[in-house]
Structures are given as structure tokens and as C-alpha cells.
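Some notes on the structure that comes next.
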Amino acid sequence: MSLTNPLRPKSPLPRVTKRGLGLLALGFIPTLIDFAWVGTGWGSLVWNLIFLVLIYRDYGQTAPPTILRRFANRFSLGRVNKITLDLTNATGRVMILEASEPLDWGLEVSPRMLSLCLAAQTTTHVDYSVTPKRRGTYAIAPTQVRVLSPWGLCWRWFQVGEAQTFAVYPDLEGLRQLSIRLAQYNDLQTRQRNRRGISTEFAELRDYGTGDEVRFIDWKATARRGLPMVRTFQEERDQTLLILIDGGRMMRSEVQGVQKFDWALNAALALVLAGLGRGDRVGLGVFDRKLQVFVPPRPGKAQLEAILQRVYDQTPQPVEPDYTGAMAQVLARYSRRALVVVLTDLIDPEASAELLNALAKLAPRHLPFCVTFQD
């Protein structure tokens, strides 16, 4: 899905500088002399021809830089993403130029115009930032460059480099930061469990050791063995988490310049990351009038990538969500018991009642959990 309509190229016609206009203005002197002493008017014509020849020669000597554009494979929605331009001046003289990137709708670009002075036979690296406001695929046409001519009489336009595309995903930077915090938290929890012997699911019996808490002694096993035995536990794993995101009309409204759907998607991906980090099976779906996207729950790091590829370009639709129909499709596609988290936005009691009835259909088999937006 392409979200951008690249800006039209600038006019290829040269733009005369103040120096060039000053040179043209000097033509009034021979014109006045001609009218005062000769009266033919040839002085103005000759001077204009000389000026055009100078402009043409200066324009023809103007050469563009070589530009290579570098950026990450994926951009994060709502984050400042860096794009680097490598500009090479292969000529033997200083090059003064202005460069702009043909990016338009759905993006905040800073700065819009880059003014540079490139030394002869050098390469300069320049960064600018792009903040996407919509997910999807964006196109960038070649860089538009305006180069000052060697004599400074005019500016010449060029389109330099290659046309490229980049994909805007949900907040990947936020996910990266969350993964670091989760790793630190899990490491801390592991050390605490190893020290205390506390967890959530029975693992095995072992001999009592120094530092083990008395409350974990298994008295029946101790009586059978004649030696103190303690119960050890491990973290519950292999649970199933299924996240469903409302992609209907109400999710198109914006909060702080970002659609509610994107806030819900970021929250859903955070849940995905947390669940996969605990060894659970995690899946995700997007629904409006029907289930548009469904990634069945699976464990492993590859599942996050599979989910990202399915949802990064999904957009909410201007329709009312069908909670009952969507939940029926979920039941038909996945029968294993799961914690089903539904992220949606409610505006009236009727919609709330429909959602509650739909969640009630899940209750006999699944554990439904609803998350709504605060007004």
C-alpha cells in the first residue's frame, strides 16, 4: 500500500541570481550611451546577447553532485527516523547547492531544505529526520538539487540519485526498548526464584538444602523417604494468548496526532512481545465487519515477525465493527483454550451490549478480556 504522492520535480529552467541580474542591469549603461550618441538602440541588443551567452556558458558548466541515500529498512511510526545523504563533489571547484527530498503527505521532514557548501573532490554526509504519521509503504523520488553555477550567475536544477521506497511499521523503537526492560525483568525474576524457590507451577521434588524455606517442604514425601524433601516450581509456560484489534470506524479518530488503531496496535505488539518472551503461544487478529487478519497463536521469536508482516499496513475502515461475527470466526478458526484480549473503543450502551454478548460466546471455551480507550 503506497501512502505517498511524491512531489513534482522542480522546473528545469535556470534561475538567475542577484549577481546575474546585476550584470543584466549593467546593460542600461551602453543603452543610454547608444541612445545619447548614436540613436540606433543596438547597444541594448548587443549587451543582451552577451548576457545570454554568459548565462548559457555558465549554466553548461554547472555539474551536480553524486548522491547516495541511506536509511534503515524499517521506520517506526511516530518516531524520529534518520535518513543520511552522502554527497560527493567530483569537480575541481567548490560547489554551493540546496537539496530537498520529495516527501509529502503523511510525513514530517526536518529540515525541508539542506543548504551545503561542498569542497572540491570531497564527500559530505548530511542527516535529516522523518517522522511518519501513517503506516505503510512510502516512495521517495530522486533528490532535487539546485546548484549554483561556477560564475554565480544562475542556479541549475537536477534530480540526483535513485527512486527508493521505505516501509513504516508500528513503534518498533518502543518494542525494542520494551524487550530490553522485559529481559532485565525476567533476569531479576529468575534470580529471585532461584533464591527463594518460588514460582507458579510444580516442577519436581529434591532434597532439602540450606536456605530452602520450610513452607515448601513436602511432608508426605519426607515421611516416605525419611529425609526432608522440598517442592520446586517453574514458571508457567505454553499458555495461549490471542489478541484481537477493532479495525472499525471509531478507531480512525486520532489522539495526539496518532489514530486510536495505532495506539491499540502498539499495545497489542507489546503484549505479543511479553507473551513470546515467557514462552507462550501468541496470535493476533484484526476485525471490522469480518475478521480481516488472523495470525494463529504460535510460540517463538519468528512469530513476532510474522505478525508484523501481516499488520504493518492494516488501516481501520469507516464501518461499524461486527463483534458477534468476528468472535464467531475466531471460534471457528481456533478451538484451543486461550486468553482472548479485545482492544476496542465504545461510544454507547448499545455497542457495549453487543460486545458483551459477543464476549459471552467466547466464555465457555476461552477467557475473554476487554481493553477500551479512556475518554
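Start at 1 with the first residue, then count along the sequence. All values derive from a computational prediction rather than experimental measurement.
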Within-4.5 Å side-chain heavy-atom neighbours: [X] and [Y]:
| X | Y | value |
| --- | --- | --- |
| Leu153 | Phe51 | no |
| Lys133 | Glu108 | yes |
| Val330 | Phe287 | no |
| Pro296 | Arg333 | no |
| Arg135 | Asp262 | yes |
| Ser76 | Asp171 | yes |
| Arg70 | His125 | yes |
| Thr66 | Val160 | no |

Please find the pair of heavy atoms, one from [X] and one from [Y], that lie closest to each other, and give the distance.
| X | Y | result |
| --- | --- | --- |
| Cys370 | Leu359 | CB-CD1, 3.9 Å |
| Met250 | Lys260 | O-CD, 3.8 Å |
| Asn81 | Pro132 | ND2-CD, 3.3 Å |
| Gly136 | Asp313 | CA-CB, 4.4 Å |
| Gly92 | Ala120 | C-CB, 3.5 Å |
| Leu308 | Arg74 | CD1-NH1, 4.1 Å |

Practice prompt. In sequence, state the C-alpha distance, the side-chain angles, and the governing distance for Asp127 and Thr84, and then conclude on side chain to side chain contact (heavy atoms under 4.5 Å, CB included).
Written response: CA-CA 4 Å; Asp127 297 333; Thr84 300; 2.7 Å; yes

Worksheet item: Do we see a donor-acceptor contact under 3.5 Å between the side chains of Gln309 and Tyr169?
Response: yes

Worksheet item: Are side-chain N/O atoms of Glu101 and Thr143 paired as donor and acceptor at under 3.5 Å?
Response: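 Yes.
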
Worksheet entry | Mutual orientation of the aromatic rings belonging to Phe71 and Phe166 [parallel < 30°, tilted 30-60°, perpendicular > 60°] | perpendicular

Are the side chain of [X] and the backbone N or O of [Y] linked by a donor-acceptor pair below 3.5 Å?
| X | Y | answer |
| --- | --- | --- |
| Arg19 | Trp151 | yes |
| Gln121 | Thr91 | yes |
| Ser149 | Cys154 | yes |
| Ser129 | Ser110 | yes |
| Asp345 | Met251 | no |

Hydrophobic cluster identity match, [X] and [Y], side-chain contacts under 4.5 Å:
| X | Y | result |
| --- | --- | --- |
| Val109 | Val80 | no |
| Leu148 | Val145 | no |
| Leu343 | Phe294 | no |
| Ile245 | Leu269 | yes |
| Tyr56 | Leu52 | no |

Worksheet, complete the sentence: d(Arg336 CZ, Thr240 OG1) to nearest 0.5 Å is 4.5 Å

Item to complete: Drop me the distance from Asn89's CG to Met95's CE, to the nearest 0.5 angstrom.
Response: 4.0 Å

Discussion item. Could you walk me through whether Trp263 and Val258 satisfy the side chain to side chain contact (heavy atoms under 4.5 Å, CB included) test, starting with their C-alpha distance in whole Å, then the side-chain angles of each, then the deciding distance to 0.1 Å, before giving a yes or no?
Written reply: CA-CA 7 Å; Trp263 289 110; Val258 178; 3.7 Å; yes

Practice prompt. Inspect the contact between Arg134 and Glu254 and indicate whether a charged nitrogen and a carboxylate oxygen are less than 4.0 angstrom apart.
Written response: yes

Discussion item. Walk me through whether Thr324 and Lys361 qualify under side chain to side chain contact (heavy atoms under 4.5 Å, CB included).
Written reply: CA-CA 8 Å; Thr324 303; Lys361 296 181 181 299; 3.8 Å; yes

Item to complete: Among Thr372, Thr344, Val286, Leu346, find the residue that satisfies the side-chain contact (heavy atoms from CB on, under 4.5 Å) test when tested with Asp246.
Response: Thr344

Worksheet item: What do the steps show when you test Asp58 against Leu54 for side chain to side chain contact (heavy atoms under 4.5 Å, CB included), and what is the final call?
Response: CA-CA 6 Å; Asp58 197 23; Leu54 291 175; over 6 Å; no

Discussion item. If the test is side-chain hydrogen bond (donor to acceptor under 3.5 Å, both in side chains), which one of Thr124, Thr123, Thr122 qualifies with Thr88?
Written reply: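 By the side-chain hydrogen bond (donor to acceptor under 3.5 Å, both in side chains) criterion, Thr88 pairs with just one of Thr124, Thr123, Thr122: Thr123.
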
Worksheet item: Only one of Arg249, Arg289, Arg252 clears salt bridge (Lys or Arg N to Asp or Glu O under 4.0 Å) with Glu320; which?
Response: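 Filter result, single survivor: Arg249.
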
Worksheet item: Does NZ or CZ of Arg156 fall inside the cone over Tyr59's six-membered ring, less than 6.0 Å from its centre and within 45° of the axis?
Response: yes

Worksheet entry | Flag if over 12 foreign heavy atoms under 6.0 Å of CZ, Arg337 |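 Atom CZ in Arg337 is packed in, count exceeds 12.
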
